[in-house]
Amino acid sequence: MIAGSLYGLLRILVVGPLAYLLLIAMLRISGKRTLAKMNAFDFVVTIALGSTLATVLLSKDVPLLEGVLGFVVLAALQFVIAWSALRLEPVEAAIKSQPRILLRDGRIDHAALLDERVTQEERRSAVRKGGLGDIAMAAIVVLETDGSFSVIARDAAGDRSAYPDGDRDPRP
């Protein structure tokens, strides 16, 4: 079957835009955190929202209001977990990874690279994207909680209070 039934096609044309608009409205109401750079928790919520939208759109067995309720439940859970993570360290530790230092003052932490499954080429690429042509010019390379890399040049390191471990420069 190529086209399906006329009812099925019309349902998609009606329910699709409605579900899409309701999802956009719900995301706007739930706040920027829902659409922030993603960690694993955010990624799962985003995939679940997309899956719910697809199910509402393509399954004749799922009414629009049930799909909207699914959107609301997922957004509410995301809000509750994010709110709890801000107030309870065990919740934050359970849903978010910690930033990991891969290179400090030109010295590579090979164990961290191995643990985080970061290749030497990815590390070199991060240093290049940080505008540096030499690893020795890097004060630190950090694998952030969202999977991105942060690179701070030695001449921009300041007192190092932004480092994941809060390491401060020992110089007076």
Side-chain angles (χ1 to χ4, degrees), residues 19-54 57 70-172:
Y20 177 77
L21 291 173
L22 289 168
L23 176 61
I24 296 298
M26 194 227 20
L27 289 172
R28 294 287 294 152
I29 291 167
S30 68
K32 293 178 183 153
R33 179 73 184 101
T34 308
L35 299 174
K37 280 187 127 182
M38 292 189 283
N39 58 41
F41 171 69
D42 299 322
F43 181 71
V44 168
V45 170
T46 301
I47 296 298
L49 286 169
S51 177
T52 302
L53 178 62
L57 197 62
F71 294 154
V72 170
V73 167
L74 289 169
L77 287 171
Q78 195 274 344
F79 176 82
V80 167
I81 298 294
W83 183 88
S84 299
L86 287 173
R87 289 157 181 81
L88 304 168
E89 283 189 36
V91 175
E92 181 181 21
I95 67 164
K96 293 182 181 176
S97 62
Q98 295 299 312
R100 184 79 183 265
I101 297 172
L102 304 176
L103 180 143
R104 183 191 301 256
D105 295 320
R107 291 184 304 278
I108 300 165
D109 184 340
H110 293 284
L113 291 175
L114 189 63
D115 289 348
E116 301 294 343
R117 296 178 309 281
V118 174
T119 67
Q120 293 291 339
E121 185 51 42
E122 288 171 318
R123 179 200 29 89
R124 284 192 291 268
S125 173
V127 170
R128 289 190 304 270
K129 286 179 182 175
L132 305 178
D134 185 344
I135 289 170
M137 296 170 70
I140 194 167
V141 175
V142 178
L143 178 62
E144 299 293 354
T145 60
D146 64 0
S148 65
F149 294 95
S150 293
V151 178
I152 300 173
R154 284 184 183 226
D155 62 353
D159 72 355
R160 301 174 182 228
S161 60
Y163 282 20
D165 56 8
D167 183 25
R168 294 198 178 265
D169 193 338
R171 294 174 291 182

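Here the shortest heavy-atom pairing between A139 and R160 reads CB-NH2, 4.4 Å. Of all non-hydrogen atoms in A112 and L102, the two that sit nearest each other are CB-CD2, 4.0 Å. Residues A153 and L132 share a closest heavy-atom pair of CB-CD2, 3.7 Å. Residues I152 and A157 approach most closely at CG2-CA, 3.8 Å, considering heavy atoms. Closest approach of L103 to A138, counting heavy atoms only: CD2-CB, 3.7 Å. Here the closest heavy-atom approach between residue R100 and residue D115 is recorded as NH2-OD2, 3.1 Å.
By the 4.0 Å N-to-carboxylate-O rule, R117 lies too far from E122 to be salt-bridged with it. Taking the charged nitrogens against the carboxylate oxygens, D109 and R123 have no contact shorter than 4.0 Å, which rules out a salt bridge.
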Chi angles and distances behind the side-chain contact (heavy atoms from CB on, under 4.5 Å) call for V127, F149: CA-CA 9 Å; V127 170; F149 294 95; over 6 Å; no

From CA spacing to verdict: side-chain contact (heavy atoms from CB on, under 4.5 Å), Y20, L57: CA-CA 9 Å; Y20 177 77; L57 197 62; over 6 Å; no

Evaluation steps, side-chain contact (heavy atoms from CB on, under 4.5 Å), between L86 and E92: CA-CA 7 Å; L86 287 173; E92 181 181 21; over 6 Å; no

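Distance alone, capped at 3.5 Å, places no donor-acceptor pair between the S51 side chain and the I47 backbone.
Note that the OG1 atom of T52 and the CG atom of L74 stand 5.0 Å from one another [nearest 0.5 Å]. L143 CG to I101 CD1: the interatomic distance, rounded to the nearest 0.5 Å, is 11.5 Å. Note that CG of L22 is 7.5 Å distant from CZ of F71, once rounded to the nearest 0.5 Å. Rounding to the nearest 0.5 angstrom, the gap separating the CZ atom in R128 from the CD1 atom in I135 is 9.5 Å. Within the model, atoms CD of E121 and CZ of R124 stand 4.5 Å from one another, a figure rounded to the nearest 0.5 Å.
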